[in-house]
Structure formats: structure tokens, C-alpha cells
Colleague: 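So that we are looking at the same thing, I have put the structure below in C-alpha cells.
Within every chain, numbering begins at 1; the chains are lettered A, B, ... in the order of the sequence lines, protein sequences first and strands thereafter.
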There are 2 protein chains.
Amino acid sequence: MNGAAQGAFRALADPTRRAILMKLSHENLSIGTISDQFPMTRAAVKKHLNILEEGGLLSVHINGRERINCLRPEGIKSAFEWIQYFDRFWDGKLGKLQEVVEKEEKSNSKEKEK
Amino acid sequence: MNGAAQGAFRALADPTRRAILMKLSHENLSIGTISDQFPMTRAAVKKHLNILEEGGLLSVHINGRERINCLRPEGIKSAFEWIQYFDRFWDGKLGKLQEVVEKEEKSNSKEKEK
DNA sequence: TGTTTATATGCTCAGATGAAAATATCAATA
DNA sequence: TATTGATATTTTCATCTGAGCATATAAACA
């Protein structure tokens with residue numbers, strides 16, 4: 001669970017790759033169509049697609065001489081689930097973080113616990 | 001909105017940094033305490049902390065000669081929200097992706113629609 | 001039919017460039 | 001002195017390009 005997320009997070013770190021994922025969320029595209037929309041060579045785009053594929057974020061469907069790149073939502077979900085762990089800090093469910101912080105800071109000079 | 005996510009995604013790409021965030025979700029820690037738990041030097045941990053701070057994922061609260069590193073959930077949320085766009089593909093809300101893919105592949109040799 | 005020839009599409013490799021990760025060492029601060 | 005920050009340096013990794021090669025389709029010719 002944790003290991004699978006690494007490939008996804010690595011893939012998501014690059015803005016070009018995130019833009020590719022956005023495009024693929026609208027329609028499945030060949031590498032030629034994709035590379036036309038980015039200011040870089042096909043080879044560079046291909047490397048991004050490889051990293052996305054290694055991360056499990058897209059799959060390739062071969063059709064004749066065309067290779068159609070398709071979004072693989074499950075791969076993105078693995079990163080989503082990792083981040084989701086922190087949603088306890090957003091909705092006020094466990095929003096005492098700030099208090100704890102400030103309490104620590106002020107009481108730290110008084111006493112040292114544990 | 002999109003620009004802010006870059007710093008967060010960059011920070012989340014490294015497993016050490018994600019582990020640090022996990023530790024900070026339990027308690028606020030100084031760099032000394034953190035670096036004791038990782039097989040690298042304090043300087044290396046410090047750089048990770050800097051990147052986390054640049055990405056807005058943690059904040060530093062100075063307390064005497066100690067600097068307490070605190071989780072900043074809002075920073076993580078920016079990445080979360082970007083990924084959340086794709087949740088339409090998980091819950092079956094718009095889960096026709098697979099169909100479209102396969103239909104494309106097979107009907108591509110027959111006809112070209114839109 | 002069958003076989004070239006051309007074109008479109010895409011992959012892979014070697015290499016240049018720059019960024020990131022980690023270390024060792026020195027400086028700053030309470 | 002103890003804790004932390006900052007800098008210079010090395011090593012590793014990421015990104016991108018250019019050139020060359022491979023394959024599928026389509027057209028041209030026997």
C-alpha cells in the first residue's frame with residue numbers, strides 16, 4: 001500500500017505529467033497527439049509516459065501502429081489514499097493541532113515531559 | 001491553485017519526506033529528534049525539512065534554541081484537491097472510461113466519430 | 001495477386017545539462 | 001556547550017535532445 005504510492009507520487013511530481021493526466025481524463029490520446037501539445041520532443045514525452053506507466057497511472061492499448069494512452073484512475077487513487085490520511089486535520093475532526101503546537105512552545109520552557 | 005500544488009507534489013515525491021510528515025502528524029518534533037530516526041545526517045534531514053517548508057507542508061515554530069517542526073495540513077490539502085479532480089473516475093460516477101477505451105480501439109478501424 | 005517503396009507513427013539509445021540528495025565542515029545562537 | 005543553520009562539494013538522478021531503428025499502413029508497380 002505504501003510502496004505502491006511511491007511510483008504514483010514520483011509520477012505526479014512533474015507538472016508536465018500532471019498536465020498529461022488531465023488531458024487523458026478527457027480523452028485517450030496517442031503519443032503524437034500529446035507531444036504536439038507540449039514544447040518538447042516526442043522522446044521527452046515518451047519518457048514521461050513511461051514514468052506514468054511505471055507508476056500505474058496510465059495503461060497503453062495497442063491498436064495497429066498506434067498506441068493509445070489511457071488514464072488508469074486506480075494508480076492515482078493510491079496517492080490519493082495516502083494523502084487522505086491527513087484529512088483528519090482539515091475537517092476539524094482532530095483540529096487540535098494548532099493548540100498542541102502552541103501549548104508545546106509555551107510549556108516547553110517550564111517543564112519537560114517524556 | 002494549480003501553482004501551489006507544485007511545491008506540495010514536489011515535496012511529497014520523496015519517501016523520506018512523506019515519512020517525516022507521518023511522524024509530524026503524531027507529534028511536533030525538532031530536527032534532532034527527526035534525524036535520529038533516519039539513516040542520514042542532520043544536514044540531509046534539514047534539506048528535506050526545507051523542501052517541506054517551501055512546499056507549505058510544515059511550519060517551524062521557534063522556541064528558544066529549538067525549532068519545532070509542525071505539520072501544516074493546508075499545504076497537503078492543495079495536492080489533495082488536485083488529485084480529487086479524478087475521484088469522478090473511482091466511484092463509478094463517470095466510470096465509463098473503460099468502455100470508451102475499448103470501444104475506441106475496436107471501432108477505430110471502422111469509423112471515426114467526432 | 002505479390003512485392004517494392006514511401007510515409008506515418010513510435011521506440012530506444014547515447015550524451016548534455018541541470019536539479020536533487022547526501023556528506024563533511026564551519027558558523028550562529030541561546 | 002548543545003542545538004541548529006549554512007555552505008561547498010560529491011554523487012546520483014531527472015529531464016531533454018538528436019539520431020537511428022522498427023513496424024504498420026498505404027500507394028505504386030509488376
Colleague: Hey, does Lys47(B) reach any base, or is it just sugar-phosphate, or nothing, if we go heavy atoms under 4.0 Å?
Modeller: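 The residue Lys47(B) makes base contact.
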Colleague: Between dT1(D), dA21(C), dG10(C), spot the one nearest the side chain of Arg17(B), thanks.
Modeller: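 Closest of the options to the side chain of Arg17(B): dA21(C).
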Colleague: Between Asn69(A) (side chain) and Leu29(A) (backbone), is there a donor-acceptor pair under 3.5 Å?
Modeller: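 Checking the backbone N and O of Leu29(A) against the side chain of Asn69(A), a donor-acceptor pair under 3.5 Å is found.
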Colleague: Whole Å only: how far is the CG atom of Leu49(A) from the P atom of dC16(D)?
Modeller: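 Distance check: Leu49(A) CG to dC16(D) P gives 12 Å.
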Colleague: Whole Å only: how far is the CE atom of Met40(A) from the P atom of dG10(C)?
Modeller: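 Met40(A) atom CE is separated from dG10(C) atom P by 16 Å.
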Colleague: Atom CD1 of Ile62(B) and atom C1' of dG5(D): how far apart are they, to the nearest Å?
Modeller: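 Atom-to-atom, Ile62(B) to dG5(D), this comes out as 11 Å.
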Colleague: Nearest whole angstrom, please: distance from the P of dG10(C) to the CG of Asn50(A).
Modeller: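 Atom CG in Asn50(A) sits about 13 Å away from atom P in dG10(C).
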Colleague: Name the nucleic acid region contacted by Thr16(A), choosing base, sugar-phosphate or nothing; use a 4.0 angstrom heavy-atom cut-off, strictly under.
Modeller: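 Answer is nothing: Thr16(A) stays at 4.0 Å or more from every strand.
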Colleague: Pick out which of Lys47(A), Arg72(A), Arg10(A), Arg17(A) makes a salt bridge (Lys or Arg N to Asp or Glu O under 4.0 Å) with Glu54(A).
Modeller: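 Of the listed residues Lys47(A), Arg72(A), Arg10(A), Arg17(A), the salt bridge (Lys or Arg N to Asp or Glu O under 4.0 Å) partner of Glu54(A) is Arg10(A).
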Colleague: Please check if the side chain of Gln6(A) supplies one atom and the backbone of Ala13(B) the other of a donor-acceptor pair under 3.5 Å.
Modeller: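 Side chain of Gln6(A) to backbone of Ala13(B): a pair is present.
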Colleague: Any idea which of dC11(C), dT7(C), dT23(C) is nearest the Arg65(A) side chain?
Modeller: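 The answer is dT7(C).
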Colleague: Val45(A) or Thr33(B): which one's nearest nucleotide on DNA chain D is closer to the 5' end?
Modeller: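 Nearest-nucleotide comparison on DNA chain D picks Thr33(B).
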Colleague: To the nearest Å, how far apart are His48(A) NE2 and dA14(D) P?
Modeller: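 Rounded to the whole Å, the gap is 12 Å.
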Colleague: Determine whether a donor-acceptor pair (N or O, by modelled atom type, separation under 3.5 Å) exists between the side chain of Arg67(B) and the backbone of Ile62(B).
Modeller: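 No.
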Colleague: Look at the aromatic rings of Phe86(B) and Trp82(B) and report parallel, tilted or perpendicular, splitting at 30° and 60°.
Modeller: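 Tilted.
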Colleague: Return no unless some side-chain N or O of Thr41(B) is found under 4.0 Å from OP1 or OP2 of dT23(C).
Modeller: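 So the side-chain polar atoms of Thr41(B) do come within 4.0 Å of the phosphate oxygens OP1 or OP2 of dT23(C), strictly under.
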Colleague: Of the nucleotides dG10(C), dT4(D), dA24(D), which one has an atom closest to the side chain of Ile31(B)?
Modeller: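 Closest nucleotide among those given: dT4(D).
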Colleague: Go through dT4(D), dG10(C), dC16(D) for me and flag the one nearest to the Glu66(A) side chain.
Modeller: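 Of all the options, the side chain of Glu66(A) is nearest to dG10(C).
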Colleague: Can you tell me how far C1' of dA20(C) sits from CG of Asp14(B), to the nearest Å?
Modeller: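 Atom-to-atom, Asp14(B) to dA20(C), this comes out as 9 Å.
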Colleague: Roughly, in whole Å, what's the span from NZ in Lys46(A) to C1' in dA14(D)?
Modeller: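 Whole-Å distance recorded here is 17 Å.
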Colleague: Rounded to whole Å, please give me the gap between CZ in Arg10(A) and C1' in dA14(D).
Modeller: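 Computing the Arg10(A):CZ to dA14(D):C1' distance gives 8 Å.
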